[in-house]
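Below, read A as the first sequence line, B as the second, and so on, with proteins coming before strands; counting in each chain starts at 1.
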Number of protein chains: 2
Amino acid sequence: MDITPVTRSAVSDVVFGQLVAEILSGRLTPGDALPGERELAERFEVNRHAVREALKRVQQAGLVRISQGGKTRVLDWRGHAGLDTLSQLAAAGALTPLEILRDISEMRRSVAADAARLCAERASDDQIGIVLAAAQAYPIDSSAIADTFAPDLDFWTAVIEGSGNIAYRLGLNTLVAGFTEIGWQTVVDLGLGEEYVDRDAHQHLARLIADRDADGAQRLAADLLGRTVARIAAHL
Amino acid sequence: MDITPVTRSAVSDVVFGQLVAEILSGRLTPGDALPGERELAERFEVNRHAVREALKRVQQAGLVRISQGGKTRVLDWRGHAGLDTLSQLAAAGALTPLEILRDISEMRRSVAADAARLCAERASDDQIGIVLAAAQAYPIDSSAIADTFAPDLDFWTAVIEGSGNIAYRLGLNTLVAGFTEIGWQTVVDLGLGEEYVDRDAHQHLARLIADRDADGAQRLAADLLGRTVARIAAHL
DNA sequence: TCCAGGTAACTGGTCCAACCAGTTGACCTC
DNA sequence: GAGGTCAACTGGTTGGACCAGTTACCTGGA
């Protein structure tokens with residue numbers, strides 16, 4: 001049997017999720033006015049406070065504009081939502097998992113390639129050491145693809161830390177969150193795991209970075225991650 | 001005189017801002033337990049609901065882990081916060097505005113360059129038309145640099161829309177938000193406006209995209225935005 | 001007829017107070 | 001000392017009241 005920890009989600013989380021889904025799915029279009037908090041509370045059969053907590057978060061996500069006295073109106077999420085909304089897009093079904101997967105991998109490609117370049121240019125010796133160690137920790141056997149996700153993430157985290165770019169660091173977190181939302185299983189099912197088992201390529205990349213070969217590191221990183229992009233594109 | 005609309009910020013927003021600042025500034029370190037909601041409410045001199053609304057948002061930002069029955073603990077924001085937290089970093093003073101500006105412009109460079117390539121490869125004719133129009137709308141005179149931000153944003157938004165990558169689209173929103181948080185004035189003061197007045201380069205880029213010259217578009221975009229990166233780096 | 005002004009009925013914002021539901025640790029028993 | 005028990009925390013949820021803006025309608029005077 002496959003026992004999973006019980007997840008009891010808070011009421012406001014459920015309300016939040018439903019509101020976000022309504023907006024991202026297009027059932028609520030920009031400019032639409034949401035029902036009042038009191039009515040929402042009645043319809044969701046929860047207390048108004050829970051609705052308020054949820055609405056505040058929807059606002060923070062950039063999906064609605066709340067104004068005291070006036071009605072809460074839906075915003076155009078393409079123009080107002082932040083990258084963190086990416087992981088909600090899959091859940092809301094606004095895009096297919098494959099589309100989101102492609103976009104994530106494309107962004108990962110350009111960001112990680114640039115991070116590899118920057119890492120080679122300006123990482124401290126300590127940071128380079130971590131990159132080399134992460135490359136060493138890369139698994140050798142290709143049998144259990146799912147188990148290579150963690151080492152792979154460690155490796156790229158080290159590279160991005162070495163780049164010293166905090167936007168890349170935070171962006172990585174967001175992309176991973178979106179990736180997780182889709183589920184690793186989908187990735188495995190699509191046979192997209194090849195990149196994760198190319199231990200030689202990652203070790204080579206680490207060596208290029210350690211040698212301060214910025215151009216070479218960027219090229220190799222772009223090539224390495226580009227394979228995944230191409231493989232996903234083939235499925236679309 | 002310079003009249004500014006009165007901004008009345010909600011109580012929970014203030015609490016949210018203070019909590020985020022405490023964490024991002026490092027005054028609260030990962031693993032630390034926050035005071036209980038009741039105590040926070042007492043110290044902020046607000047109702048507990050306001051504290052709860054704020055805490056829920058801090059959790060959504062990935063800065064704390066809330067668990068019923070247990071205490072709310074601070075997370076390592078470098079490893080858990082999403083890109084949307086970027087704009088808070090400036091306000092919290094965790095990094096200098098110049099550092100954040102550099103990181104934003106670096107990310108913009110690699111994302112926009114890739115978007116230019118993708119746009120040339122797969123944008124629809126309608127989308128290409130919008131890019132060309134946005135390039136046409138680029139201002140000619142270089143006197144009022146601040147007025148060129150909007151057309152510049154329109155241009156790159158068109159390019160990214162043409163790329164069809166939703167992650168890039170949302171990422172742009174987040175980067176612009178971070179940029180706005182720092183303030184355009186800082187940018188102008190640093191003399192970083194040159195890129196925004198290079199009308200010829202943007203028109204050239206639009207033409208390359210329209211001609212479906214993916215490599216050329218990527219190169220020019222990277223070069224164009226790379227100038228700003230270099231100019232900021234010179235200040236560090 | 002038209003429009004300025006007021007007003008009533010909304011909207012979201014804040015607060016108080018109570019109770020439910022998990023977690024933790026001290027304490028008591030065996 | 002090992003184990004179980006329970007009280008005292010923690011966050012989660014609810015109800016209701018009231019404050020504070022916005023909106024639309026309605027009225028009375030020009």
Side-chain angles (χ1 to χ4, degrees), chain A residues 3-20 22-23 28-75 77 80, chain B residues 3-20 22-23 28-75 77 80:
Chain A
I3 296 184
T4 304
V6 186
T7 56
R8 344 152 252 286
S9 44
V11 202
S12 69
D13 290 341
V14 180
V15 175
F16 173 75
Q18 292 205 29
L19 288 175
V20 169
E22 285 295 309
I23 295 171
L28 286 173
T29 58
D32 282 358
L34 258 58
E37 294 179 352
R38 291 161 180 86
E39 185 181 338
L40 283 175
E42 208 169 315
R43 288 213 252 168
F44 281 116
E45 296 185 6
V46 299
N47 189 276
R48 195 180 147 208
H49 293 297
V51 173
R52 283 185 54 77
E53 278 180 17
L55 277 174
K56 263 286 178 184
R57 292 170 60 193
V58 177
Q59 178 190 39
Q60 174 171 337
L63 304 182
V64 299
R65 185 169 47 93
I66 301 177
S67 50
Q68 183 177 355
K71 301 200 169 181
T72 297
R73 312 203 91 93
V74 177
L75 293 174
W77 60 266
H80 289 89
Chain B
I3 295 182
T4 304
V6 187
T7 57
R8 342 151 252 288
S9 45
V11 192
S12 70
D13 291 340
V14 179
V15 175
F16 173 73
Q18 293 205 27
L19 289 174
V20 169
E22 285 296 309
I23 295 172
L28 286 173
T29 58
D32 283 356
L34 258 57
E37 295 179 350
R38 293 162 178 83
E39 185 182 337
L40 283 175
E42 208 170 316
R43 287 214 253 167
F44 281 116
E45 296 184 7
V46 298
N47 188 272
R48 193 178 151 209
H49 290 297
V51 172
R52 282 185 56 78
E53 279 179 15
L55 276 175
K56 265 284 178 185
R57 291 169 60 193
V58 177
Q59 179 190 38
Q60 175 170 334
L63 304 182
V64 299
R65 185 169 46 91
I66 301 177
S67 51
Q68 183 177 356
K71 300 199 170 184
T72 297
R73 310 203 93 91
V74 177
L75 293 174
W77 59 266
H80 289 89

ask   = Stepwise, does the side chain to side chain contact (heavy atoms under 4.5 Å, CB included) test hold for A/W77 with A/V20?
value = CA-CA 10 Å; A/W77 60 266; A/V20 169; over 6 Å; no
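Rounded to an integer number of Å, the gap from NE2 of A/H49 to C1' of C/dC16 is 9 Å. Here C/dG13 presents its C1' atom at 14 Å from CD of A/E53, a figure rounded to the nearest Å. At whole-Å resolution of the value, CZ in A/F44 and P in D/dT14 are 13 Å apart.
With a 4.5 Å cut-off on side-chain heavy atoms, B/L34 and B/V74 count as touching.
Shown are A/E53, A/H49, A/K56; of these, the side-chain hydrogen bond (donor to acceptor under 3.5 Å, both in side chains) with A/S12 is made only by A/E53.
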Which protein N or O atoms sit under 3.5 Å from an N or O of nucleotides 10-12 of chain D?
from: D/dT10; atom 1: O2; to: B/G69; atom 2: N; distance (Å): 3.4
from: D/dG11; atom 1: OP2; to: B/E37; atom 2: N; distance (Å): 2.9
from: D/dG11; atom 1: N7; to: B/R38; atom 2: NH1; distance (Å): 3.1
from: D/dG11; atom 1: O6; to: B/R38; atom 2: NH2; distance (Å): 3.0
from: D/dG11; atom 1: N2; to: B/Q68; atom 2: NE2; distance (Å): 3.2
from: D/dG12; atom 1: OP2; to: B/R52; atom 2: NH1; distance (Å): 2.8
from: D/dG12; atom 1: N7; to: B/R48; atom 2: NH2; distance (Å): 2.8
from: D/dG12; atom 1: O6; to: B/R48; atom 2: NH1; distance (Å): 3.1

Taking only distance into account, with no hydrogens and no angle test, what donor-acceptor pairs under 3.5 Å do side-chain atoms of residues 57-65 of chain A form with protein atoms, sequence neighbours excluded?
from: A/R57; atom 1: NE; to: B/Q60; atom 2: OE1; distance (Å): 2.8
from: A/R57; atom 1: NH1; to: A/D13; atom 2: OD1; distance (Å): 2.6
from: A/Q60; atom 1: OE1; to: B/R57; atom 2: NE; distance (Å): 2.8

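Side-chain N/O atoms of B/N47 include none lying less than 4.0 angstrom from OP1 or OP2 on C/dT14.
Evaluation of the salt bridge (Lys or Arg N to Asp or Glu O under 4.0 Å) test over residues 28-37 of chain B, restricted to residues two or more places apart or in two chains, returns B/E37-B/R48, B/E37-B/R52.
Closest non-hydrogen pair, A/R73 versus A/G31, comes out as NE-O, 3.1 Å.
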